[in-house]
Amino acid sequence: MDIWVTNYDADPYKLGDIDELTINAYERSLKLKLPLSYKRILQNQNGGTIKYNSIHVGGFQEEDVYLEINHIYGVGYPGLLDSPYLIKEWDLLQDILVFNGEGNAWFALDYSSEPPHVIYIEADSKEVMKVAASFEEFLKNLLIKN
């Protein structure tokens, strides 16, 4: 899946190229496995701004709910390597890997299930919303909403 904005030279989320060996070393250091779909997009580009701006997460009281998203972290700093710090700093759930967010709202992989599902966390309210059953489903649900 081609999700990256490729004509944005000043992309603050785009990190240097990464190979499978580096991804595997990262997984070993954090004792977790990235979903295969995540690894594939990282090998295409190591994080960055995405072509999509939201994800549909279902309906609530007959209204569709969309969450804004504009980037996905790569392996490095700033990126996935910041996850342990963010979990501690914002008192987030354990067993997660933060892959998007700024301020007080975050998308993360929740490793309390197998495969890890995607959650959305609002740190101030401590609200956690399940967004997708897998990262692959998450990617399929991305869209452009005007």
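Positions are given from 1, in the same order as the sequence printed here.
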| said: Counting C-beta onward and ignoring hydrogens, is there a side-chain heavy-atom pair between Asn46 and Val75 closer than 4.5 Å? | reply: yes
| note | Tightest non-hydrogen contact, residues Pro78 and Pro12, listed as CG-O, 4.1 Å
| task | To the nearest 0.5 angstrom, please state how far the CG atom of Leu67 sits from the OH atom of Tyr120. | result | 5.5 Å
| query | Transitively linked via ILVMFWY side-chain contacts under 4.5 Å: Ile144 with Val131? | reply | yes
| field | Phe99: which of Trp106, Tyr73, Phe138 passes ring-ring contact (aromatic ring centres under 6.0 Å, His included) | value | Phe138
| remark: The reported gap from OG in Ser83 to NZ in Lys88 (rounded to nearest 0.5 angstrom) is 14.0 Å
| Check against side-chain contact (heavy atoms from CB on, under 4.5 Å), Asn53 and Lys145 | CA-CA 7 Å; Asn53 65 6; Lys145 183 157 173 46; 4.0 Å; yes
| Which heavy atom in Ser37 sits nearest to a heavy atom in Leu139, and how many Å separate them? | CB-CD1, 4.0 Å
| Closest approach of Leu42 to Gly74 (non-hydrogen atoms, all atoms of both residues) | CD2-CA, 3.6 Å
| task | Verify, without hydrogens or angle tests, whether Asn100 (side chain) and His71 (backbone) share a donor-acceptor contact under 3.5 angstrom. | result | yes
| note | OG1 of Thr6 to CG of Asn44, rounded to nearest 0.5 Å, is 9.5 Å
| request: Scan side-chain atoms only and decide if Asn70 and Thr49 contain a donor-acceptor pair under the 3.5 Å cut-off. | output: no
| query | Just how far is it from atom OG1 of Thr22 to atom CD of Gln43, taken to the nearest 0.5 Å? | reply | 10.0 Å
| query | Less than 4.5 Å apart, any side-chain heavy atom of Ile96 and any of Leu109? | reply | no
| task | Could you state whether Ile50 and Tyr66 fall into the same hydrophobic cluster, counting links through intermediate Ile, Leu, Val, Met, Phe, Trp or Tyr residues with side-chain heavy atoms under 4.5 angstrom apart? | result | no
| field | Chi angles and distances behind the side-chain contact (heavy atoms from CB on, under 4.5 Å) call for Val128, Leu93 | value | CA-CA 9 Å; Val128 177; Leu93 301 170; 3.9 Å; yes
| task | Return the minimal non-hydrogen interatomic distance between Leu80 and Pro84, and the atom names on each side. | result | O-CD, 4.2 Å
| said: Using 0.5 Å steps for rounding, measure from the CG atom of Leu15 to the CD atom of Gln45. | reply: 9.0 Å
| If you round to the nearest 0.5 Å, how far is CH2 of Trp90 from CG of Asp124? | 6.0 Å
| message | side-chain contact (heavy atoms from CB on, under 4.5 Å) for Met129 and Ile119? Distances and angles first, verdict last. | response | CA-CA 5 Å; Met129 178 187 308; Ile119 58 173; over 6 Å; no
| Just by modelled atom types, is the Gly76 backbone N or O under 3.5 Å from a matching donor or acceptor in the Tyr26 side chain? | no
| message | Please determine whether side-chain contact (heavy atoms from CB on, under 4.5 Å) holds for the pair Ile87 and Gln94, giving the CA-CA distance in whole Å, both sets of side-chain angles, and the decisive distance to 0.1 Å. | response | CA-CA 7 Å; Ile87 291 167; Gln94 300 300 307; 3.5 Å; yes
| Charged N to carboxylate O under 4.0 angstrom, Lys126 versus Glu122? | no
| Between Lys51 and Asp2, is any pair of side-chain heavy atoms under 4.5 Å apart? | yes
| task | Decide side chain to side chain donor-acceptor pair (under 3.5 Å) for Asp110 and His117; before the verdict, give the C-alpha distance in whole Å, the side-chain angles of both, and the deciding distance to 0.1 Å. | result | CA-CA 5 Å; Asp110 183 349; His117 54 267; 3.3 Å; yes
| message | Using the rule that Ile, Leu, Val, Met, Phe, Trp and Tyr join whenever any side-chain heavy atoms are under 4.5 Å apart, tell me whether Ile41 and Leu143 fall into a single cluster. | response | no
| task | State whether the number of non-hydrogen atoms from other residues, nucleotides or ligands found under 6.0 Å of Asp17 atom CG is greater than 12. | result | no
| note | Of Leu34, Leu36, Ile72, the one forming a side-chain contact (heavy atoms from CB on, under 4.5 Å) with Phe135 is Ile72
| request: Determine the minimum heavy-atom distance between Leu92 and Leu86, stating which atoms define it. | output: CD1-O, 3.7 Å
| When you check the gap from the basic side-chain N to the acidic O, do Glu27 and Lys39 get nearer than 4.0 Å? | yes
